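Structure record follows, encoded as structure tokens.
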Amino acid sequence: MIHVAAAGDLHVGPETAGTYRAHLTGLAAHADVFLVAGDLTRHGTVEEGRVAAGELRDVGVPVVAVLGNHDYHSDAEDEIADVLRDAGVTVLEGDGTVLDCGGTRLGIAGGKGFGGGFEGRCASDFGEPEMKAFVGHTKDFAGRLRTALLDLDADMIVSLTHYAPAEGTLEGEPPEIYPFLGSYLLGEAIDASGADLAIHGHAHKGTEKGLTSGGVRVRNVALPVIQHAYALYRLDVPEGRVEGTAPRLGTITPNHIRSHT
Amino acid sequence: MTGRERDMTEPPEYLSAHIQERVAAEAHELGIRVDVSGDVVRLRGEVVSEEQRREVEATARDAAGGREISNELHVVAVTEPDGEERLS
Ligand SMILES: [Fe+2]
Ligand SMILES: [Fe+2]
């Protein structure tokens, strides 16, 4: 069994330094890992990145994070990722990591993701270069997410993105802006990997609980949604899935090379 | 100014869209609801801090052309979680 803590959209800044961290004192007692679903900063400055790193440094459990659109706003996303890594945070950008949680291997793959919309009401890869670039960015990421999820050699698998992989957790947001909040392409990648849970943020007015079209549980952990410093989820390895030994999925093609990344 | 240009007040729909844009660009809040009715601009939504609440109001005021601001933004109180969801 794995206890996952997750939160997104911390949106910290110098004027609030230390206030978020003050709520993390009980984290290590309740969780094996802390997943941060992007938008750590407000304007994406390196200064704010340093504040975010300070909030997440030495919290007693491994911290795995992705960046959000706000963290890209000042074109300093690489520096912000570096500052976070210097503080011991694993920053995923279309790749994955495996953690040992008391003998159970937890695999996490993810990255920022992007928008485009959902089945039937989505942007398509057609027309102006700007439109193709928009959809292309999502397609590109979805492809990397799928590969990263499938490559995880782990007992339980979690997808971590900023943008939403399903519509259900957007409920509460105006439907007109769904295409800017997430994409079904992320959900499709998650479904193909048979992940156990998909965590995201970004939709501040959305809903916590949803499902991908393939039935994977989705949780929107944006702080305004969960209304707490983090949400806690307990994942039990399903019976028949032997911890630490057997390949995890039946959906993986036999010739797929499983590697630990 | 040419004779064809009219000194007209902006329709409230455009004004609320412009305020929303400014709030997104300058205060970096994308989910704020802005409604203009008469001389009052109503701000609704959730922000993560009191500072952010003030910044959104200041940005909206700046873009509101002297209209009164009704700040109904709510600061999300972040506390430690009170339970764990079991997923299996
Ligand atoms: Fe956010
Ligand atoms: Fe966001």
Side-chain angles (χ1 to χ4, degrees), chain A residues 1-7 9-16 19-20 22-27 29-31 39 41-44 69-70 73 156 172-174 177 180-181 196-197 202-206 208-209 217 219 222-239, chain B residues 11-37 41-63 69-88:
Chain A
M1 147 199 353
I2 300 171
H3 302 276
V4 174
D9 303 84
L10 317 184
H11 292 293
V12 301
E15 60 294 327
T16 56
T19 49
Y20 182 70
H23 299 295
L24 301 181
T25 48
L27 182 65
H30 297 115
D39 274 3
T41 67
R42 291 169 52 199
H43 313 83
N69 54 322
H70 283 243
H73 183 67
M156 297 296 282
E173 296 278 1
I177 70 165
F180 304 110
L181 299 177
D196 298 289
L197 174 65
H202 190 46
H204 292 201
K205 289 194 283 192
E208 185 185 358
K209 299 176 187 181
R217 282 162 307 204
R219 294 292 179 270
L223 290 191
V225 171
I226 58 174
Q227 307 261 328
H228 288 94
Y230 49 90
L232 283 169
Y233 305 111
R234 171 178 154 180
L235 292 169
D236 292 302
V237 180
E239 269 176 61
Chain B
E13 293 78 10
Y14 293 150
L15 180 62
S16 67
H18 288 317
I19 294 172
Q20 216 158 26
E21 248 166 62
R22 287 275 298 274
V23 166
E26 291 167 33
H28 304 272
E29 281 295 341
L30 301 178
I32 306 300
R33 187 160 161 198
V34 180
D35 292 298
V36 178
S37 73
V41 176
R42 195 168 169 205
L43 305 175
R44 281 180 288 176
E46 290 193 317
V47 291
V48 293
S49 66
E50 189 53 46
E51 289 78 10
Q52 189 65 354
R53 188 174 175 275
R54 282 199 296 267
E55 187 174 338
V56 171
E57 179 180 331
T59 309
R61 187 178 306 285
D62 216 45
I69 305 290
S70 168
N71 187 344
E72 294 164 36
L73 297 170
H74 179 244
V75 178
V76 184
V78 166
T79 54
E80 297 211 24
D82 35 29
E84 179 184 58
E85 184 191 358
R86 191 173 167 176
L87 301 171
S88 31

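The chains referred to below are lettered A, B, ... by the order of the sequence lines, with proteins before strands, and numbering in each begins at 1. Atoms considered below: every heavy atom in the structure, side chains included; atoms not considered: hydrogens, waters and symmetry mates. Please read all numbers here as calculations on a predicted model, not as lab measurements.
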With a 4.5 angstrom heavy-atom cut-off, could you sort out which part of [X] is near chain B: side chain, backbone, both or neither?
X: A:His3; answer: both
X: A:Arg217; answer: side chain
X: A:Thr19; answer: neither
X: A:Asp9; answer: backbone
X: A:Leu197; answer: side chain

By a 4.5 Å heavy-atom criterion (distance strictly below it), what part of [X] contacts chain A: side chain, backbone, both, or neither?
X: B:Glu26; value: backbone
X: B:Ser49; value: side chain
X: B:Glu80; value: both

Output for pair (B:Arg86 CZ, A:Met1 CE), nearest 0.5 Å, gives 7.0 Å
Query raised in the report: How many angstroms lie between NZ in A:Lys209 and CD in B:Glu85, if you round to the nearest 0.5 Å?
Result: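 It comes to 4.0 Å.
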Using a cut-off of under 4.5 Å for heavy-atom pairs, which of [options] has the most such pairs with chain B?
options: A:His43, A:His30, A:His11, A:Glu15; result: A:His43
options: A:Asn69, A:Ile177, A:Thr25, A:Leu27; result: A:Thr25
options: A:Gln227, A:Glu173, A:His204; result: A:Gln227

Q) Which heavy atom in A:Leu232 sits nearest to a heavy atom in B:Gly83, and how many Å separate them? A)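 For A:Leu232 and B:Gly83, the tightest heavy-atom pair comes out as CB-O, 3.8 Å.
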Most contacts with chain A, counted as non-hydrogen pairs under 4.5 angstrom, among B:Arg33, B:Glu55, B:Glu50, B:Glu29 =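 Greatest number of close heavy-atom pairs with chain A: B:Glu55.
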- Query: Highest number of heavy-atom pairs under 4.5 Å with chain A: which of B:Val76, B:Val75, B:Val47?
  - Reply: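 Between B:Val76, B:Val75, B:Val47, the count favours B:Val76.
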Is there a donor-acceptor pair closer than 3.5 Å between any side-chain N or O of B:His28 and the backbone N or O of A:His70? no
**Prompt:** Are B:Gln52 and A:Arg42 close enough, and set up right, to give a side-chain contact (heavy atoms from CB on, under 4.5 Å), and what steps lead you there?
**Reply:** CA-CA 10 Å; B:Gln52 189 65 354; A:Arg42 291 169 52 199; 2.3 Å; yes
